[in-house]
Amino acid sequence: MTAPHSQDLAARSLRSVWHPCTQMRRHESVPPIAVARGHGPWLYDADGRRYLDAISSWWVNLFGHTNARINRALIDQLERLEHAMLAGFTHEPVVALSEKLSALTGHALGRCFYASDGASAVEIALKMSVHAWRNAGHARKNEFICLAGGYHGETLGALGVTDTALFRAPYEAMLRPAHIAASPDARYTLPGEGPGAAAARALADMEQLLQRRHGRIAAVIVEPLVQCANGMAMHDADYMAGLRALCDTYGAHLIADEIAVGCGRTGTFFASEQSGVWPDLLCLSKGITGGYLPLSLVMAQEHIYQAFYDDDLHRGFLHSHSYTGNPLACRAALETLAIFEDEQVLERNRGFAQTLSAALQPLAQDPRVAHFRRTGTIWACDVVFDDDAAAAGFSRRFALEAARRELLLRPIGNTLYLMPPYILDAQEADWLARRVHDVFTAVMEGA
Ligand SMILES: *Cc1c(COP(=O)(O)O)cnc(C)c1O
């Protein structure tokens, strides 16, 4: 049970705060956890109870809470410049960050446009695509293709290319629906088929759609390698290469939404690297500031940028947000990139992935679990139930039991997943794996 301090804060929260992604009435029985501080992979509530943040606080944290290096960088930046508008002005953090990110793509995506959250980055990429076609004399190319189960955020434009009925239904009348192509989800591979079969089928479906509709299609938007919100649906890296070829053949932009899968989650800094092709537009957010501050950006290829470069104001990309390129957020992002470099994070993560995968074997082998899978440092499996009644409320029951056992975990439907920060040592990995299995056993046995 929650102790006095936490209870008090949770009660005040429920009187004044409208929490995201929540049916508030459910908090009548289970109050929110009042976090007082964080350190490394741990969050502590007001009474000193701890929780291992095994989903990186909604996939944003990379190097732990109150990271010493990012803290120092931010304190230094606070003394220099907290914010200045980015129209007509520029500053060192935003320039240095753009240069570094561009270099990470071998300068294939050399133009960075900034915003504050993931959904805005998606809106920007969609608008850039349509506007670039319009400037090129193809105003009819203004429709989008997204993937079944795809998730790109919850503002109206982003929701229009999101295939999650739960999030869409109440707003359907406000949305401009996108065309939905089959998902390359590797779980659709049939017995006897090779590993790329589901991706090949999804590409064939995509080609049919493009053949029929290419005169109207501005862009195809996808989450490379892992459709995270769609229950960590993982696919073959060849899919992106095939999709790049289709987009070139049929004249559509390719937008890679790397908001969740970017920043090293899939084993490379950008997920797109594993397919050997670059999209025309790439969205980043979540982990880019190490989980410290809201920042998002769209990286664009030169041909997109040039489509706007003109004497005519109307041909420019006039989109803006008040906090575009905020210096504090950019500085946190620069320090995040410096940590990747100085500490050989991607290499270290490969070792960590082996350690945690090995420790998770008892869960992977459990007969009540199917499709145990991993991409980079994202682990997932699907829990198999006898019937819908047994499955009902699984994710809530699991999250609750996890919190009782010092774990922050929130399954997506029947999919149990881990997306921990990149700083767990072997002991913590072992502890995490054992606890996850304990929680799983307790929930399945109704304890
Ligand atoms: C989280 C997410 C978004 C939306 O980002 P917000 O910052 O929550 O608006 C978009 N696309 C993907 C793939 C995401 O995981």
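The figures that follow rest on heavy atoms only: side chains count, while hydrogens, waters and symmetry mates do not. For ligands, and for the atoms within them, numbers begin at 1 and follow the listed sequence.
- Close contacts between ligand 1 and Gly153 involve ligand atoms 4 (C), 10 (C) [criterion: under 4.0 Å to a heavy atom].
- Each of the atoms 10 (C), 11 (N) of ligand 1 lies under 4.0 Å from some heavy atom of His152.
- Asp382 and Thr415 share a donor-acceptor pair across their side chains, judged by distance under 3.5 Å alone.
- No side-chain donor-acceptor contact under 3.5 Å links Ser56 and Tyr422.
- Residues Tyr250 and Gln211 bring a donor and an acceptor atom of their side chains to less than 3.5 Å of each other.
- Atoms of ligand 1 found under 4.0 Å from any heavy atom of Ala119 (numbered from 1 in listed order, with element): 4 (C), 5 (O), 6 (P), 9 (O).
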Could you give me the CA-CA distance, side-chain angles and deciding distance for Trp379 and Phe372, then say whether ring pair (Phe, Tyr, Trp, His ring centres under 6.0 Å) is met? CA-CA 8 Å; Trp379 287 262; Phe372 184 86; 8.3 Å; no

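- At least one heavy atom of Trp59 sits less than 4.0 Å from an atom of ligand 1.
- Every atom of ligand 1 is numbered from 1 in the order shown, and the set under 4.0 Å from a heavy atom of Ala260 is 15 (O).
- Within ligand 1, the atoms closer than 4.0 Å to a non-hydrogen atom of Asp257 are 10 (C), 11 (N), 12 (C), 13 (C), numbered from 1 in the order shown.
- For the residue pair Ser57 / Asn61, no side-chain donor-acceptor distance below 3.5 Å is found, with atom types taken as modelled.
- The protein atom (non-hydrogen) at minimum distance from atom 6 (P) of ligand 1 is Gly118 N, 3.4 Å.
- Those atoms of ligand 1 that come under 4.0 Å of a heavy atom in Lys286, given as number and element, are 1 (C), 2 (C), 3 (C), 14 (C), 15 (O).
- Using a 3.5 Å distance cut-off with no hydrogens or angles, the side chains of Asn326 and His83 do pair a donor with an acceptor.
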